[in-house]
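Reviewing the structure listed below.
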Number of protein chains: 2
Amino acid sequence: MITERQASILGMVVDEYVVTAEPVSSRALVGQRRLDVSSATIRNELARLEAVGYVTHPYTSAGRVPSDQGYRFYVEALMSEDPVGLDERRTVEHQLHQVSGGLDEWLSLTAMILSSLVGNVAVVTRPRTRSARLRNAQLVELSRDTSLLVAVMDDGRVRQRILPATAPTTQETLNERAHRINRLLDGKDAAEIRAAATDNLDADERDLAGVLAEIVEEQRIAEETFVEGVNIALRQPEFADVDRMLEAVGQLQAYRLRSFLEPAVDGSLGSTRVIIGSENADTGMQDWSMVVSRYGGEDAVGAVAVVGPTRMAYQRTIPRVRYVAALMGQLLQEVGR
Amino acid sequence: MITERQASILGMVVDEYVVTAEPVSSRALVGQRRLDVSSATIRNELARLEAVGYVTHPYTSAGRVPSDQGYRFYVEALMSEDPVGLDERRTVEHQLHQVSGGLDEWLSLTAMILSSLVGNVAVVTRPRTRSARLRNAQLVELSRDTSLLVAVMDDGRVRQRILPATAPTTQETLNERAHRINRLLDGKDAAEIRAAATDNLDADERDLAGVLAEIVEEQRIAEETFVEGVNIALRQPEFADVDRMLEAVGQLQAYRLRSFLEPAVDGSLGSTRVIIGSENADTGMQDWSMVVSRYGGEDAVGAVAVVGPTRMAYQRTIPRVRYVAALMGQLLQEVGR
DNA sequence: AGTTAGCACTCTTGACCTGAGAGTGCTAAT
DNA sequence: ATTAGCACTCTCAGGTCAAGAGTGCTAACT
């Protein structure tokens, strides 16, 4: 257990270290007023905090740095969240309402906004539905022997695919074909599309149905994850060393492909999880912290996260991640997902 | 003017420097055989090359480094292009044919491929048409009070836009509306759409036409430029220093937004321009070289480029940029438009 | 008991130096 | 014109050193 004063000191160490990125000395804490004791007393307390594992020493005589455990305690017991200001809300909501394109543009913008809000990397995954269903398919003539298939899924995805035509066609024919296809396949998932496609369709149309089934069930992870703000995060002093920087970039690049949020997102909706450094099972993420929140409704769930060095402004980050997640859920519902 | 031997020495300096990234000494050149003279002779020649401005000295006693002028001479007179191998062609073409999505996915993949081919940043712009025309518009029901507009332009763009509905609609109604709109507006450019929209349309449809006109003429540069491979380029030794690296990242980030290829693309189709360091009018690009090529047909023109440090493998880069540009033009034609 | 002044001790950091090594530039000989 | 030879210059890595920042401990104080 920890005394009140020790807790307060730990809090000050974290607060200080988060802004300066330099080990915090006992003297620096005295200057901070609020504590009417001498630096020697604080040294004693710090030594005890270190014994319990809440702070560390880079070397014998440097200030103290919070350990992962220390951050954990800070997040759980010490921190008072820095609420999202009204003006922040206003600009965010304004920007998000600005978007006119589809889901993808929207997700990527959200990641960008969140990133700039907290000064770290933001990750947003596309909401996943149990299994997507085709909502509508359209065919557009591109040239005499190619056409473009545009499919809209009920999870908000819109996918295009260029198709070679077996025989010259006109937009008229394509419209008719799309109409037939829609009547037969709308509202169906991949399996049902495959099943329905065997009956009363000509060869071209069967091919088309096959392509549609593929698109509906397609789940390329690369397409599912939006990572933004890497260049913002790189300005953090932890990356002052080129190797660390390159490693970080590579790390995030790789993670874009095998979304690392999955395991973290089992919490209930609305809850925001914080995973600090070594708490992450994934080696290679041991120097990073993540703040993750789920968003969405009953039938579609995605995740919003901020990723950065363990020295992160949790006070600011946590409420902002939660806010953005909530906002997304809300907007998603408005659009009818 | 320059003697034959001086030219050959300059060539060797460039070749050597491009791979080692370290100033080239007279001794290193002697080891290179091909020259049956002593290092002293080479030193004399190097001094003369320096007097003409083809190489520089970082400091009194280090090897020589090619100057921008030296690279220029190298590119113009000395270099023999390193042709694109058959297997390279095969893998590139294979990968490009793999793409199933629309133009955007395709352009971004092209940039990625080119980048990995030459180990530097690749930039691809979307082909511009004189003025785009609407090819087809579709409306899809998202929820009871929102619908999704999907518009296909004749320059290959496909754009989505979420629309709030004034009154509840069904897919049926939307189809009819789309049909009317298409009959009226297909094949028209933004101005023509605006003109046509005044007549015989109800209020909702006029709004829709307005949105379509916007989409058709939309030219957000951010959407027009695909930059890939920044992380590859960062492994170059010129960025061993963090500041240089951050500056480079910022530079490229900024440029994504105000496409810097425009002025460079006045050459005729098929020609490949090389812009070396200080030759670039743009301050801030003075340490970079660009290899740019136009691609496209009569009615749609874009640019492909590779951007990297002046110490660039021009031998490899130039033919590869040219190849990719040609390939894109070809594929673009196949798809029609 | 807890607090604190004082001081020895440790470790970093930056500055300065120094010697080795790499290259050049020049001179004089070929 | 070429080249051997050598003095000269500059970098670079390593080492030393003093200053400074902090701690940890002890002994005195409240």
Side-chain angles (χ1 to χ4, degrees), chain A residues 1-10 12-14 16-17 19-67 70 237-238 240-242, chain B residues 1-10 12-14 16-17 20-67 70 237-238 240-243:
Chain A
M1 259 307 78
I2 262 188
T3 69
E4 177 114 10
R5 189 172 66 185
Q6 281 164 4
S8 138
I9 290 179
L10 176 56
M12 291 167 74
V13 170
V14 173
E16 185 74 8
Y17 184 64
V19 321
T20 63
E22 310 241 306
V24 183
S25 76
S26 56
R27 188 135 41 84
L29 291 177
V30 179
Q32 208 89 8
R33 50 176 152 289
R34 294 199 42 183
L35 288 179
D36 271 341
V37 289
S38 78
S39 64
T41 311
I42 298 196
R43 276 202 289 285
N44 288 332
E45 296 289 48
L46 283 174
R48 256 160 273 163
L49 281 172
E50 179 155 13
V52 202
Y54 285 162
V55 293
T56 344
H57 243 177
Y59 51 90
T60 316
S61 137
R64 296 313 209 288
V65 171
S67 66
E238 4 276 301
D241 164 35
V242 180
Chain B
M1 259 307 80
I2 263 189
T3 69
E4 178 114 8
R5 188 171 67 184
Q6 283 165 3
S8 137
I9 289 180
L10 176 56
M12 291 167 74
V13 170
V14 172
E16 184 73 9
Y17 185 64
T20 63
E22 309 240 307
V24 183
S25 76
S26 56
R27 188 134 41 85
L29 291 178
V30 179
Q32 208 90 9
R33 51 179 152 288
R34 295 198 44 180
L35 288 179
D36 271 340
V37 289
S38 78
S39 64
T41 311
I42 298 197
R43 277 202 287 285
N44 288 332
E45 296 290 47
L46 283 174
R48 255 160 271 162
L49 281 172
E50 179 155 12
V52 202
Y54 285 162
V55 292
T56 345
H57 243 178
Y59 50 89
T60 316
S61 134
R64 297 313 210 287
V65 170
S67 65
E238 4 274 300
D241 164 34
V242 180
D243 290 336

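Below, chain A is the first sequence line, B the second, and so on; all start at residue 1. Just the heavy atoms: all of them, side chains too, but no hydrogens, waters or symmetry mates, feed the values below.
What separates CD of A:E4 from P of C:dG2 is a distance of 16 Å, to the nearest Å. In this structure, CD of B:E22 is placed 20 Å from P of D:dC10, rounded to the nearest angstrom. In this structure, A:D36 places its CG atom 19 Å from P of C:dG2, rounding to the nearest Å. Rounded to whole Å, the distance from CD1 on A:I42 to P on C:dT4 is 9 Å.
Annotation for A:P58 and A:P23: closest pair CG-CG, 4.1 Å, computed over non-hydrogen atoms. Across every non-hydrogen atom of A:S26 and A:R43, the tightest pair is OG-NH1, 3.3 Å.
Annotated as anti: D:dA1, whose glycosidic dihedral deviates from 0 by more than 90°.
Side-chain atoms of B:M12 and B:V24, non-hydrogen and from C-beta on, never get closer than 4.5 Å to each other. B:I2 has its side chain within reach of B:Y54: a pair of non-hydrogen atoms, C-beta onward, lies under 4.5 Å apart.
Nucleotide C:dT3 forms a Watson-Crick or G-U wobble pair with D:dA28, both donor-acceptor distances falling under 3.5 Å. In this structure, C:dC16 forms a base pair with D:dG15, meeting either the Watson-Crick or the G-U wobble geometry with both donor-acceptor distances under 3.5 Å.
Checking side-chain atoms of A:S67 against main-chain N and O of A:G53 turns up a donor-acceptor pair under 3.5 Å.
Within the structure, salt bridge (charged side-chain N to carboxylate O under 4.0 Å, His left out) pairs that include any residue of residues 54-66 of chain A comprise A:E50-A:R64 (at least two apart or interchain).
Separating the CZ atom in A:R5 from the CG atom in A:L49 is a distance of 10.5 Å, to the nearest 0.5 Å. Between the CD1 atom of A:I9 and the CD1 atom of A:I42 there is a distance of 5.0 Å, given to the nearest 0.5 Å.
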Could you go over nucleotides 28-30 of chain D and give all protein N or O partners under 3.5 Å, atom names and distances?
none

| What string of B, S and - do you get for nucleotides 23-30 of chain C 5' to 3' if you count protein non-hydrogen atoms under 4.0 Å? | BBB-----
